[in-house]
Amino acid sequence: MTTALAEQGTLPTAAAAPPSTARGRRRRGSDQGVPRWQIYLPLGLYLLFTLVPFYWMLLFALRPAGSNALVPWPITGEHFQKVWNERSFGIFFQNSMIVGVASLVMTTAVALAGGYALARFEFRIKKGFMLALLASQFIPGALMLVPLFEIFKNLQMINSLGSVVIAETVFQLPLSIILISGFIKNVPVSLEEQAWVDGCGRFRAFCAVVLPLLRPGLIAVGSFAFVHSWNHFLFALMFLSSQDKQTIPVGLNTLIGADSVDLGALAAGGVIAAVPVVLVFAFIQKWLITGFSAGAVKG
């Protein structure tokens, strides 16, 4: 009977269903689709808003002094030579690199230990400790300048790069610990337990099993610590007094005079300061996005 109904056209056949289904899907897709110009126009405006200041900085850094051309031609390197040799930017660059790398290492190491403790152990004040870490992010660094200055003065660390490294590390640890803790929670405990069964201790199991899986998170935390230390102005200004100890942000400030500003030298210094940050994000972009997203899954 079913065959007869199908032959008479009374019973809908399976072959007739897909076209209507496909048309319905196309209709729903066209209703929900967004014209491409609504996507490209905001992105283009944002890109223009972002790149124009960089082009303006490159323009002043590469065109000759006194030129008003909108295209840097002929290209000159006099401004870079001036800030690197005459304004001691070579020393500033070296000091900033020391502070950035040292802050990266210290922040990553301490955050790794603290994040593992929060992710793998249970203790009474765990929730209160997490709340304190989050609350510390609302305290501006400027409020801590006076007590930090007194502490470093008593420790005879004023005008030492170590004082800036310690201050940068302390203020970056709360967020870094939270990110590392969330990332470690995504690593199954069973992996460590299997290593324990095989005779590994907790530290050896962590280094052999967990640590290799934390690479995106460590890169995210380390890069954030480096960039923040590289760009930070306040601590270096307060704790470093001699010129041979200053970092690039403070060095850029010295190019701004009371009556005049050397725009070419200032732009060249800005390019020198921006190049390491751009290179860092260019090489670690994939791991950076993965690390921040994975660390935010569980808190």
Side-chain angles (χ1 to χ4, degrees), residues 46 50 54 92-119 129-145 148 161-187 210-239 247-250 252 270 272-299:
Y46 174 76
T50 304
F54 284 98
F92 300 158
F93 188 92
Q94 179 181 353
N95 294 336
S96 291
M97 190 63 66
I98 293 174
V99 171
V101 173
S103 299
L104 182 156
V105 173
M106 291 183 61
T107 301
T108 304
V110 178
L112 190 61
Y116 184 84
L118 290 178
F129 183 74
M130 289 288 293
L131 182 61
L133 289 178
L134 293 173
S136 65
Q137 297 301 293
F138 297 97
I139 302 176
L143 295 180
M144 304 299 295
L145 285 178
L148 283 176
L161 294 179
S163 60
V164 181
V165 172
I166 293 175
E168 294 288 353
T169 302
V170 169
F171 276 88
Q172 294 176 62
L173 273 178
L175 180 60
S176 300
I177 290 176
I178 293 173
L179 287 175
I180 291 293
S181 173
F183 198 85
I184 293 177
K185 287 181 180 180
N186 292 328
V187 179
V210 181
L211 191 60
L213 301 177
L214 299 180
R215 184 175 61 175
L218 295 177
I219 292 176
V221 170
S223 60
F224 184 80
F226 176 82
V227 172
H228 186 273
S229 301
W230 181 272
N231 294 328
H232 205 189
F233 171 78
L234 195 57
F235 291 153
L237 178 66
M238 292 299 298
F239 303 146
T247 58
I248 281 185
V250 181
L252 287 173
I272 294 174
V275 165
V277 178
V278 173
L279 292 178
V280 167
F281 278 104
F283 283 105
I284 67 172
Q285 179 181 3
K286 179 178 66 176
W287 295 282
L288 184 66
I289 296 174
T290 304
F292 276 120
S293 58
V297 172
K298 295 180 181 180

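Predicted model, so just to flag it, every value in this text is computed and none were measured. Values below: all heavy atoms of this structure, side chains included; hydrogens, waters and symmetry mates excluded.
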Requested in this report: Please report the C-alpha distance between Leu175 and Phe224 in whole Å, then the side-chain angles of each, then the deciding distance to 0.1 Å, and finally whether the side-chain contact (heavy atoms from CB on, under 4.5 Å) criterion is met.
Outcome: CA-CA 10 Å; Leu175 180 60; Phe224 184 80; 3.8 Å; yes
To the nearest 0.5 Å, tell me how far [X] [atom1] sits from [Y] [atom2].
| X | Y | atom1 | atom2 | answer |
| --- | --- | --- | --- | --- |
| Ile98 | Ser103 | CD1 | OG | 11.5 Å |
| Phe235 | Leu148 | CZ | CG | 6.0 Å |
| Phe226 | Asn231 | CZ | CG | 9.0 Å |
| Leu161 | Glu168 | CG | CD | 11.5 Å |
| Met106 | Gln172 | CE | CD | 11.0 Å |
| Ile166 | Phe239 | CD1 | CZ | 10.0 Å |

Considering non-hydrogen atoms only, spot the tightest contact between [X] and [Y] and give its length.
| X | Y | result |
| --- | --- | --- |
| Leu118 | Lys185 | O-CE, 4.3 Å |
| Ile177 | Ala111 | CG1-CA, 3.7 Å |
| Gly182 | Asn186 | O-ND2, 3.4 Å |
| Ile180 | Gly115 | CG2-CA, 4.1 Å |
| Trp230 | Pro249 | O-CG, 3.4 Å |

Query - Pairwise side-chain contact, Phe171 with His228, heavy-atom cut-off 4.5 Å (strictly under) - result: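 Result no, sub-4.5 Å side-chain heavy-atom pair not found.
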Report task. Could you walk me through whether Thr247 and Val250 pass side-chain contact (heavy atoms from CB on, under 4.5 Å), step by step? Result -> CA-CA 6 Å; Thr247 58; Val250 181; 4.0 Å; yes
Query raised in the report: Near Phe54 CZ, under 6.0 Å, is it more than 12 heavy atoms from other residues, nucleotides or ligands?
Result: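 Open: at most 12 neighbouring heavy atoms sit under 6.0 Å from CZ of Phe54.
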Query raised in the report: Ser176 pairs by side-chain contact (heavy atoms from CB on, under 4.5 Å) with which of Thr107, Leu112, Thr108?
Result: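 Testing each of Thr107, Leu112, Thr108 against Ser176, the sole residue satisfying side-chain contact (heavy atoms from CB on, under 4.5 Å) is Thr107.
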